[in-house]
Amino acid sequence: MRNGRSRSCSKAEVINTRRNTYFTFTLVFLFLFFSDFSGMVESSVGVNWGTLSTHRIAPHLVVDLLKVNKIQKVKLFDTDPTSLRALMGSGIQVMVGIPNELLAALASSVVNSDLWIKRSVSMFVGKGKVDIRYIAVGNEPFLKSYQTRFQSLVVPAMLNLQQSLSKVNLGSYIKLVVPCNADAYESTLPSQGTFRPDLTEIMTQLVSFLNSNGSPFVVNIYPFLSLYQSSDFPQDYAFFDGSSHPVVDGGNIYYNAFDGNYDTLVAALNKIGYNQIPIVVGEVGWPTDGAFPANLTAAMNFNQGLLKHVLSNKGTPLRPGIPPMDVYLFALFDEMQKSILPGNFERHWGIFSFDGQAKYDLNLGLGNGKLKNARDVNYMPSRWCVAHPAKDISHAVNHIKMACDAADCTTLLNGGSCNSIGDKGNVSYAFNSYYQLNKQSSESCDFDGLGMITFLDPSVDDCRFLVGIGDDSSSSSSSKSILAHFWFVIMCAYIVFRIL
Ligand SMILES: *[C@@H]1O[C@H](CO)[C@@H](O)[C@H](O)[C@H]1NC(C)=O
Ligand SMILES: *[C@@H]1O[C@H](CO)[C@@H](O)[C@H](O)[C@H]1NC(C)=O
């Protein structure tokens with residue numbers, strides 16, 4: 001019985017095995033076939049590395065952080081030489097940025113653009129150096145709130161820069177792009193998207209230039225801001241888990257604001273005759289503090305939903321599947337020196353806090369699991385400045401104001417993670433922010449005798465009292481490597497000497 005069964009089993013097995021082999025073969029073939037192709041068309045994820053922060057980890061540690069998280073693309077807002085030097089030899093693809101304030105000079109003469117390309121770009125490019133792929137010409141230069149300040153400078157600056165790039169043989173390798181805010185286009189339904197009337201002419205010139213140079217259109221998309229700015233915006237439409245208020249647009253139904261926004265741009269581009277131009281999302285993300293919809297759970301849900309959506313290569317209703325979507329998350333770090341004009345959340349966009357610690361679990365889809373923290377961060381000693389427990393702090397108002405004008409206290413405000421730590425907590429938080437900003441100098445914890453240094457971490461629940469970062473150790477490590485080189489040369493000389 002047992003035998004018979006096993007025999008008949010084995011007969012079936014033979015057939016099955018043959019089928020399985022066949023099946024596996026087909027699978028392997030299909031896999032190889034498609035992976036070969038998807039190498040060309042797969043969507044990708046990068047990050048924005050902004051540096052408007054009082055406490056910054058050393059650039060070489062940032063590059064190490066990118067590498068341990070397998071992040072292959074990074075977007076900078078300038079051409080800071082210390083960041084670029086740290087990126088040398090990393091193999092990471094880089095978008096550098098030109099601040100809006102430089103556009104006038106670059107638009108005015110090729111001499112200026114030649115010089116800028118030479119000093120800020122070509123000297124960093126080459127074998128084993130920095131893989132600069134894009135130059136962002138201005139940052140959201142068409143933003144409504146800038147009015148016409150930069151509008152007319154963008155295309156002339158690009159024409160000059162393109163000439164300068166060609167002179168150093170980088171004209172086709174490095175692409176010029178212009179990151180635009182989503183307020184460059186408008187519409188109630190995605191399919192009706194058009195560029196803002198005051199931008200139609202400039203956009204037509206710009207997109208024609210991008211198209212002839214093989215550059216993508218770069219746009220920043222922020223469902224968070226839509227939710228934050230309008231009280232009747234359906235909350236679930238900002239995320240990627242489906243919406244009870246989908247937008248019906250002819251035969252297309254939109255379940256998330258990201259796709260709706262993206263396709264409004266697609267329609268606007270179609271309208272001026274560029275159906276094919278690739279789109280790169282230069283900034284997209286969700287803040288974690290400083291406003292009610294800005295919290296850890298929401299940021300994690302948004303970013304994870306976004307990444308899943310992007311890496312599925314499904315595209316949007318108006319651009320299904322191919323071409324792939326390239327997105328740069330905003331942002332790598334919290335930046336405590338950013339202007340809070342747009343809102344208190346502005347300093348809390350990081351997927352990592354200022355010191356490179358992951359704020360929440362996020363799988364970037366780069367084959368590396370959850371986010372990994374920065375290594376070897378050089379913190380200042382573990383000590384904090386707090387309000388003296390035995391002193392009356394009812395007259396500390398001016399001290400708080402002074403401290404919070406200089407340092408960051410945005411988490412204390414409405415919707416912030418430290419908003420409910422009480423009066424004394426408030427004062428302590430302000431004192432500590434100021435103390436850490438001043439590199440823990442003892443004078444900066446005086447506050448007319450109201451301050452006190454402590455070695456016990458005053459953090460409460462989600463409200464973190466920070467410890468600042470010590471001085472950049474990269475200079476000492478580079479002098480260490482010079483020393484190492486020195487000894488190496490001496491040793492070689494010695495060996496050569498002995499052989500002779
Ligand atoms: C976090 O933000 C989401 C999205 O706005 C909101 O629904 C949720 O209530 C917030 N959670 C907390 C704990 O505030
Ligand atoms: C702490 O300060 C914040 C910001 O000024 C304020 O909103 C909050 O009510 C304060 N908390 C207490 C208990 O005073």
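As the structure is a prediction and not an experimental result, all values here were calculated from the model.
- Although no hydrogens or angles enter the test, the distance criterion places no donor-acceptor pair under 3.5 Å between the side chain of Arg85 and the main chain of His60.
- Taking the six-membered ring for Trp, Trp286 and Tyr360 have ring centres at least 6.0 Å apart.
- Interatomic distance, Leu176 CG to Gln162 CD, rounded to the nearest 0.5 Å: 5.0 Å.
- Counting only heavy atoms from C-beta outward, the side chains of Val62 and Phe333 approach each other to under 4.5 Å.
- Remark: Asn368 CG is packed, more than 12 non-hydrogen atoms of other residues, nucleotides or ligands lying under 6.0 Å away.
- Taking the side chain as every heavy atom from C-beta outward, Ile279 and Leu269 approach each other to under 4.5 Å.
- The ring pair (Phe, Tyr, Trp, His ring centres under 6.0 Å) with Phe224 is formed by just one residue from the set Phe239, Phe345, Phe302; it is Phe345.
- Expressed to the nearest 0.5 Å, how far CG of Leu413 lies from CG of Asn344 amounts to 4.5 Å.
- Note that CD of Glu335 is 6.5 Å distant from OG1 of Thr51, once rounded to the nearest 0.5 Å.
- Using a distance-only test at 3.5 Å, with no hydrogens or angles considered, a donor-acceptor pair links the side chain of Ser212 to the main chain of Phe209.
- Looking at heavy atoms from C-beta onward, Gln304 lies in side-chain contact with Leu362 at the 4.5 angstrom threshold.
- In this structure, Asn363 and Leu307 have side chains that are not in contact, with every pair of non-hydrogen atoms separated by 4.5 Å or more.
- His309 and Phe258 have perpendicular rings, their planes meeting at more than 60° on a 0 to 90° scale where under 30° would count as parallel.
- Nearest heavy atoms, Thr288 versus Gly350: CG2-O, 4.5 Å.
- At most 12 heavy atoms of other shown residues, nucleotides or ligands fall within 6.0 angstrom of atom CD in Gln276.
- In terms of modelled atom types and a separation under 3.5 Å, the side chain of Asp326 and the main chain of Ser43 share no donor-acceptor contact.
- Among all heavy-atom pairs drawn from Pro287 and Ala299, the shortest one is O-CB, 3.9 Å.
- Each of Thr264, Asp263, Asn261, Asp259 was checked for a side chain to side chain donor-acceptor pair (under 3.5 Å) with Tyr254, and the lone residue meeting it is Asp263.
- Ion pair Arg464/Asp289 not flagged as a salt bridge, since none of the NZ, NE, NH1 or NH2 atoms sits closer than 4.0 Å to an Asp/Glu carboxylate oxygen.
- Salt bridge status for Arg347 with Asp408: present, with a side-chain N to carboxylate O gap under 4.0 Å.
- Using a distance-only test at 3.5 Å, with no hydrogens or angles considered, no donor-acceptor pair links the side chain of Asn313 to the main chain of Pro324.
- Counted within 6.0 Å of NZ on Lys308, heavy atoms from surrounding residues, nucleotides or ligands total 12 or fewer; the atom is thus considered open.
- The structure places CZ of Phe352 at 10.5 Å from NZ of Lys359, a figure rounded to the nearest 0.5 Å.
- The backbone N or O of Ala298 sits less than 3.5 Å from a side-chain atom of Asn295, completing a donor-acceptor pair.
- Between Ala136 and Met95 the shortest heavy-atom distance is CB-SD, 4.1 Å.
- Note on ring orientation: taking the six-membered ring where Trp is involved, the planes of Phe77 and Phe330 are perpendicular (angle over 60°, cut-offs 30° and 60°).
- Without hydrogens or angle criteria, Thr204 side chain to Thr200 main chain gives a donor-acceptor distance under 3.5 Å.
- Although no hydrogens or angles enter the test, the distance criterion places no donor-acceptor pair under 3.5 Å between the side chain of Glu346 and the main chain of Ile340.
- Of the possible donor and acceptor atoms, one in the side chain of Asn378 sits under 3.5 Å from a partner among the backbone N and O of Asp471.
- With rounding to the nearest 0.5 angstrom, the OG1 atom of Thr79 is 8.0 Å from the CD1 atom of Ile132.
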Are Tyr173 and Asp131 close enough, and set up right, to give a side chain to side chain donor-acceptor pair (under 3.5 Å), and what steps lead you there? CA-CA 10 Å; Tyr173 192 72; Asp131 189 8; 2.8 Å; yes

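- Here the CD atom belonging to Gln147 is positioned 10.5 Å from the CG atom belonging to Leu143, to the nearest 0.5 angstrom.
- Smallest separation of non-hydrogen atoms from Asp183 and Lys144: OD2-N, 3.0 Å.
- The two residues Val68 and Asn373 come nearest to each other via the heavy atoms CG2-O, 4.4 Å.
- Under 3.5 Å, the side chains of Ser353 and Asp334 contain no donor-acceptor pair of N or O atoms.
- Looking at Asn220, its side chain never comes within 3.5 Å of a backbone N or O of Asn181 through a donor-acceptor pair.
- Between Gln151 and Leu199 the shortest side-chain heavy-atom distance falls below 4.5 Å.
- At least one side-chain heavy atom of Glu283 sits under 4.5 Å from a side-chain heavy atom of Asn139.
- At most 12 non-hydrogen atoms from other residues, nucleotides or ligands lie less than 6.0 angstrom from CD of Glu201.
- For the pair Leu206 and Phe142, the minimum side-chain heavy-atom distance is below 4.5 Å.
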With side chain to side chain donor-acceptor pair (under 3.5 Å) as the test, would you mind laying out the steps for Lys372 and Asn69 before giving the verdict? CA-CA 6 Å; Lys372 299 190 171 39; Asn69 286 287; 5.5 Å; no

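- In this structure Ser187 satisfies the side chain to side chain donor-acceptor pair (under 3.5 Å) test with no other residue, sequence neighbours excluded.
- A heavy-atom distance below 4.5 Å is not found between the side chains of Trp116 and Ser164.
- In terms of modelled atom types and a separation under 3.5 Å, the side chain of Lys175 and the main chain of Asn213 share a donor-acceptor contact.
- Here the closest heavy-atom approach between residue Met380 and residue Val467 is recorded as O-CG1, 3.4 Å.
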